[in-house]
Number of protein chains: 2
Amino acid sequence: MTLSNYSNEDKVLLAVDCIIFGFDKEELKILLIQRDFEPEKGKWSLIGGFLKKEENLDEAAIRVLHHLTGLNDIYMEQLYTFSKVDRDPADRALSVAYYALIDIKNHDSSLLKRESSKWFNLKDAPNLIFDHNRMVERSLARLQRKALSKPIGFELLPTKFTMRQLQKLYEAILEKKLDKRNFINKFNSLDILIKLDEKDMSSSKKGAYLFQFDEEKYNSKVEDGFSFKL
Amino acid sequence: MTLSNYSNEDKVLLAVDCIIFGFDKEELKILLIQRDFEPEKGKWSLIGGFLKKEENLDEAAIRVLHHLTGLNDIYMEQLYTFSKVDRDPADRALSVAYYALIDIKNHDSSLLKRESSKWFNLKDAPNLIFDHNRMVERSLARLQRKALSKPIGFELLPTKFTMRQLQKLYEAILEKKLDKRNFINKFNSLDILIKLDEKDMSSSKKGAYLFQFDEEKYNSKVEDGFSFKL
DNA sequence: TCAAAAGTGTTTGGTATACACCCATGC
DNA sequence: GCATGGGTGTATACCAAACACTTTTGA
């Protein structure tokens with residue numbers, strides 16, 4: 001069989017840029033790095049890299065994330081492909097944006113490797129190069145929508161967390177205050193959390209019960225037609 | 001200022017493939033073409049083309065759609081970028097999928113140009129080349145979600161339509177029967193349709209009132225915080 | 001006069017929201 | 001003993017779902 005080789009077609013550079021979200025007590029955060037090469041050296045940027053011939057986009061995103069942060073096994077999702085012709089002044093390059101959710105506490109040490117990277121509160125993040133601001137906006141919109149219909153919030157928390165932490169997390173993601181009792185009632189009715197006997201004593205004298213996401217139970221409920229709706 | 005030129009990085013072919021949805025009385029349809037070149041010559045496929053250096057992805061999608069169908073001013077949205085390494089056996093090529101919604105009636109004549117293209121009921125569409133089946137699945141899922149939260153359904157209908165047509169459309173998109181009265185009540189409460197004095201006499205003796213989507217009203221309501229929810 | 005589609009409201013159940021007080025503990 | 005955050009239940013409003021009969025008119 002003869003294959004055309006598409007030899008007349010243009011080829012382009014394809015970058016992968018990662019919006020990395022974290023959560024710390026009260027605030028949604030993003031991890032940024034200071035570029036150490038031109039163009040825009042010294043400015044803040046998402047972490048990124050270029051797709052290689054022998055890998056697919058998910059693999060490239062995983063590689064980029066691992067290489068620059070040491071992180072593994074991270075929740076990631078492809079967001080959108082940005083293609084404005086002059087978006088990168090150095091050369092024609094498109095960029096596929098991915099967003100990632102990580103548990104800051106669990107992974108903080110790996111991040112120290114890289115001193116030019118830094119966590120910012122989403123609200124007071126600096127201006128970013130190229131179209132990276134738009135990428136961040138769009139990823140936040142996606143995260144807000146997705147967090148209401150899939151249990152992805154847990155990716156941003158330690159395995160064990162208090163109801164208060166969980167609530168603060170959703171307040172940070174959705175950018176609005178939630179009612180304590182309604183929030184707990186809602187989550188209880190979903191019936192996908194395990195209440196542990198342990199308490200977290202770090203934030204109050206009384207202590208707060210710790211919970212865990214019961215992923216197995218969630219999965220089996222999904223098979224029976226359940227769907228997470230906050 | 002010195003710009004790096006990224007000259008060590010791999011470049012790739014980037015295709016744009018379009019899932020074109022139409023609606024005809026009762027059924028959701030997609031427009032497919034029979035490939036007239038290798039690889040997979042003679043098999044059914046989405047319409048597609050390659051991104052050129054001097055255009056962005058939206059422009060490429062518009063160009064591809066226009067070139068192969070003669071259509072202009074079409075609702076389109078970028079869906080996802082598919083990147084499996086061997087997805088195209090001829091050469092490494094990624095594909096950015098777009099989906100488009102068109103009014104079959106209004107545009108049917110332009111499509112006749114191209115005899116190798118054909119409308120299929122979504123349900124009994126043939127097997128497609130490469131990963132195009134997955135693209136169609138994913139675009140349907142997106143359409144189903146989006147149709148509930150944005151008034152994009154109208155893109156698939158003539159300017160003037162009956163409530164019954166509108167209902168059939170949503171039944172086709174959502175793949176489930178809807179209650180006639182609830183459907184009408186819901187749409188009435190949204191208050192974004194104009195009831196015309198004209199009737200459509202083609203489907204009954206009594207005739208059915210025609211309606212139009214009031215886009216201006218919709219837009220101004222959105223500015224006041226309204227959001228379409230079906 | 002009858003067949004075929006159009007048009008029209010009300011009841012009911014469930015879910016979302018608003019809301020306030022007691023508990024346990026360390027200081 | 002009091003200040004701090006933790007934990008709990010109910011009443012109400014609103015929205016979604018179920019549901020059946022009358023109207024029009026061409027054949």
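Treat the numbers as computed from the prediction; the structure is a model and nothing was measured.
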Asks: Rounded to the nearest Å, what distance is computed from the NZ atom of residue B:K229 to the P atom of nucleotide C:dA16?
Replies: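 Computing the B:K229:NZ to C:dA16:P distance gives 15 Å.
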Asks: Do you see a donor-acceptor pair shorter than 3.5 Å between the side chains of B:N56 and A:K84?
Replies: no
Asks: Listed by chain and number, what are the ring pair (Phe, Tyr, Trp, His ring centres under 6.0 Å) partners of B:Y80, not counting sequence neighbours?
Replies: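 B:Y80: ring pair (Phe, Tyr, Trp, His ring centres under 6.0 Å) contacts with B:F82.
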Asks: Are there any protein N/O atoms within less than 3.5 Å of an N/O atom in nucleotides 8-15 of chain C, and if so, which ones and at what distance?
Replies:
from  : atom 1 : to     : atom 2 : distance (Å)
C:dG9 : N7     : B:N185 : OD1    : 3.4

Asks: For the pair made of CG in B:L210 and P in C:dA6, what is the distance, rounded to whole Å?
Replies: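 Answer to the nearest Å: 12 Å.
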Asks: Going by side-chain hydrogen bond (donor to acceptor under 3.5 Å, both in side chains), name the pairs with one or both residues in residues 191-204 of chain A, residues two or more places apart or in two chains.
Replies: A:K160-A:E198, A:D191-A:K217, A:D200-A:S202
Asks: What is the distance, rounded to the nearest whole Å, between atom CG of A:L178 and atom P of C:dT17?
Replies: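 Those two atoms, CG and P, are 9 Å apart.
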Asks: Between A:K186 (NZ) and C:dA18 (C1'), how many Å, whole number?
Replies: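 So the NZ-C1' distance, A:K186 to C:dA18, works out to 14 Å.
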Asks: Quick one: salt bridge (charged side-chain N to carboxylate O under 4.0 Å, His left out) partners of B:K150, sequence neighbours excluded?
Replies: none
Asks: To the nearest Å, how far apart are B:K176 NZ and D:dA17 C1'?
Replies: 11 Å
Asks: State, yes or no, whether a side-chain contact exists between A:L31 and A:T69 at a heavy-atom distance under 4.5 Å.
Replies: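 A side-chain contact under 4.5 Å exists here.
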Asks: Measure CZ/A:F183 against C1'/C:dC19 and give the value in whole Å, please.
Replies: 18 Å
Asks: Please name all residues satisfying salt bridge (charged side-chain N to carboxylate O under 4.0 Å, His left out) with A:R145, sequence neighbours left out, ordered by chain then number.
Replies: none
Asks: List the atom pairs, donor and acceptor, that lie under 3.5 Å between side-chain atoms in residues 179-186 of chain B and the rest of the protein, sequence neighbours left out.
Replies:
from   : atom 1 : to     : atom 2 : distance (Å)
B:D179 : OD2    : B:R181 : N      : 3.1
B:D179 : OD2    : B:N182 : N      : 2.8

Asks: Between B:D200 (CG) and C:dA6 (P), how many Å, whole number?
Replies: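 After rounding, the gap between these two atoms is 9 Å.
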Asks: Can you tell me the distance, in whole Å, between the OH atom of B:Y209 and the P atom of D:dT23?
Replies: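 Distance, rounded to whole Å: 15 Å.
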Asks: For nucleotides 22-27 of chain C, list the nitrogen or oxygen atoms of the protein found under 3.5 Å from its nitrogen or oxygen atoms, one pair per line.
Replies:
from   : atom 1 : to     : atom 2 : distance (Å)
C:dC23 : O2     : A:K206 : NZ     : 3.2

Asks: Could you go through residues 18-27 of chain A and list every donor-acceptor pair under 3.5 Å that involves a side-chain atom there, pairing it with any protein atom two or more places apart or in another chain?
Replies:
none

Asks: For residues 135-142 of chain B, which side-chain N or O atoms pair as donor and acceptor with protein atoms under 3.5 Å away, sequence neighbours left out?
Replies:
from   : atom 1 : to     : atom 2 : distance (Å)
B:S139 : OG     : B:M135 : O      : 3.3
B:S139 : OG     : B:V136 : O      : 2.8
B:R142 : NH1    : B:E77  : OE2    : 3.1
B:R142 : NH1    : B:Q78  : O      : 3.4
B:R142 : NH2    : B:L79  : O      : 2.8

